[in-house]
Engineer: 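Dropping a structure here in structure tokens format, bear with me for questions.
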Amino acid sequence: MASVWVGSRGTVKDFPGFSAGRDADAIRKAIKGLGTDEDSLINILTQRSNTQRQLIVKEYQAACGKELKDDLKGDLSGNFAHIMVSLILPQAYFDAKQLKKAMKGTGTTESILTEILASRTSKQMKDIGDAYYTVYGKSLGDEISSETSGDFRKALLFLANARRDEGIKVDEQLAKKDAEILYNAGEKKWGTDEDKFIEVLCLRSFPQLKLTFDAYKSVCNKDIEDSIDSEVSGHLEDLLIAIVKCARNMPAFFAERLHKSLKGAGTDEFTLTRIMVTRSEIDLLDIRTEYKKLTGYSLHSAIKSDTSGNYEAALLKLCGGDD
């Protein structure tokens, strides 16, 4: 299960000489008693892989008869509690929870649905769907259906149902054909055939899409992003643009999201935590490189200037080095 959640460009790796029992014991000591030893919690939980954290959770439960996440919630508060609890959830469960939160209550947080569904692989989406059903007893697709509408819903369902091709083989002819289909569905006609955009962008593999975008540019003399911008609007536009960005350069997509979460008046800690936790074992090294390219300064320095306390300390550990 873990393999689809681990890439080669993460900042967090399996901790050498790992002992779940020893870590569980150290965490119990850090939580027990009058004050909490936050440094210990940070050092252990940010420096173990998610697979290792799952073993710590099991050991902790066996030794203490309590769930580690409940003890962390009871002992810590605010953004620090949120990031620590996020780290000990299996990745698919974490994403399932984020999706649930995005659809809960009044109004749907479309940007979270867009970020997660545009960027996860089909294998990851299958895991997330299973986790969602296990935790909430409902199908993710049904929940998306009842919380969204129109073409945006249609596109989200393609993605939620893990229909994107994962092959690495690319097909030049198909790229040319799809480019023509997109051109005919948008720029070439009066009005837009959104279905065609949804089908190509939600079903083709990312390497295939890159080829299609090149073919599109030669057919139309325009970048696909510019066409989507003029042909599509609202939440569907945001989703399709996110898919294009993920296909072109996934780390750059996340660097931009991180930059948005950190700049301006308030910090969007919810997004900051989600991206730092979910990408730390996949491609956070590349996200750091793209962040510096985008802003001219390091992600490390941005976190330092915009967050504080134990929350900052945990984020910096996940970030790894300064660039």
Side-chain angles (χ1 to χ4, degrees), residues 2-16 39 41-53 79-80 82-89 91 94-95 98 111-112 114-121 124 206-207 210 225 241-264 266-323:
S3 58
V4 311
W5 296 96
V6 178
S8 59
R9 302 291 298 153
T11 52
V12 175
K13 309 260 187 233
D14 277 334
F15 186 75
D39 289 349
L41 293 178
I42 292 168
N43 283 331
I44 295 170
L45 294 177
T46 63
Q47 303 301 297
R48 305 295 183 269
S49 66
N50 192 279
T51 307
Q52 291 175 333
R53 290 182 212 126
N79 294 315
F80 181 51
H82 177 55
I83 194 167
M84 288 288 124
V85 171
S86 301
L87 284 168
I88 65 168
L89 294 173
Q91 288 106 320
F94 177 75
D95 277 351
Q98 297 280 304
S111 66
I112 298 176
T114 291
E115 179 198 302
I116 294 177
L117 288 159
S119 63
R120 301 311 188 248
T121 66
Q124 288 171 340
F206 282 165
K210 270 179 148 158
E225 291 92 328
I241 292 285
I243 290 170
V244 171
K245 285 178 176 170
C246 286
R248 284 195 192 276
N249 184 340
M250 183 95 70
F253 169 73
F254 283 112
E256 191 187 335
R257 298 272 306 165
L258 281 172
H259 182 50
K260 280 194 184 120
S261 78
L262 282 161
K263 72 170 199 214
T267 303
D268 172 5
E269 289 92 354
F270 197 57
T271 296
L272 179 56
T273 295
R274 181 177 59 252
I275 295 176
M276 294 299 287
V277 168
T278 56
R279 307 314 291 185
S280 58
E281 282 185 70
I282 300 175
D283 54 3
L284 191 50
L285 288 171
D286 296 331
I287 292 169
R288 274 169 35 186
T289 303
E290 294 296 338
Y291 194 92
K292 185 142 194 195
K293 247 188 238 171
L294 176 70
T295 63
Y297 49 87
S298 69
L299 176 58
H300 195 277
S301 64
I303 291 168
K304 244 187 140 111
S305 66
D306 272 28
T307 60
S308 61
N310 292 312
Y311 179 56
E312 176 195 353
L315 287 170
L316 290 176
K317 280 272 201 228
L318 287 177
C319 182
D322 197 353
D323 299 298

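Computed from a prediction, not measured in an experiment: that's the story for all the values here.
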Engineer: Given Phe206 and Ile243, is the side chain to side chain contact (heavy atoms under 4.5 Å, CB included) satisfied, shown in steps?
Structural biologist: CA-CA 9 Å; Phe206 282 165; Ile243 290 170; 4.3 Å; yes
Engineer: With sequence neighbours left out, write down each residue that passes side chain to side chain contact (heavy atoms under 4.5 Å, CB included) with Ser305, or none if nothing qualifies.
Structural biologist: none
Engineer: Just how far is it from atom CG of Leu315 to atom NZ of Lys304, taken to the nearest 0.5 Å?
Structural biologist: 12.5 Å
Engineer: Are Arg53 and Val12 close enough that some pair of their side-chain heavy atoms sits under 4.5 Å apart?
Structural biologist: yes
Engineer: With a 6.0 Å cut-off on the ring centroids, do Tyr311 and His82 count as close?
Structural biologist: no
Engineer: Work out which heavy atom in Cys319 is nearest to a heavy atom in Ile303; give both atom names and the distance.
Structural biologist: CB-CD1, 4.2 Å
Engineer: Strictly below 4.0 Å, N to O, side chains only: are Lys292 and Asp323 in salt-bridge contact?
Structural biologist: no
Engineer: What's the shortest heavy-atom distance between Ser298 and Asp322, and which atoms?
Structural biologist: OG-OD1, 2.6 Å
Engineer: With rounding to the nearest 0.5 angstrom, report the CE to CG distance, Met276 to Leu284.
Structural biologist: 5.0 Å
Engineer: Does either side chain, that of Asn50 or that of Glu281, offer a donor lying less than 3.5 Å from an acceptor on the other one?
Structural biologist: no
Engineer: Under the side chain to side chain contact (heavy atoms under 4.5 Å, CB included) test, which residues partner Lys317, sequence neighbours left out?
Structural biologist: Ile42, Asn43, Thr46, Gln47
Engineer: Are Gln98 and Val277 side-chain neighbours, meaning at least one heavy-atom pair lies under 4.5 Å?
Structural biologist: no
Engineer: Measure the shortest side-chain to side-chain distance between Leu318 and Leu87 over non-hydrogen atoms and say whether it is less than 4.5 angstrom.
Structural biologist: yes
Engineer: With sequence neighbours left out, write down each residue that passes side chain to side chain contact (heavy atoms under 4.5 Å, CB included) with Thr271, or none if nothing qualifies.
Structural biologist: Glu115, Arg257, Ser261, Asp268, Arg274, Ile275
Engineer: Give me the atom names and distance for the closest heavy-atom approach of Ala314 to Ile83.
Structural biologist: CB-CG2, 4.1 Å
Engineer: Would you say Leu262 and Tyr291 make side-chain contact, with heavy atoms under 4.5 Å?
Structural biologist: yes
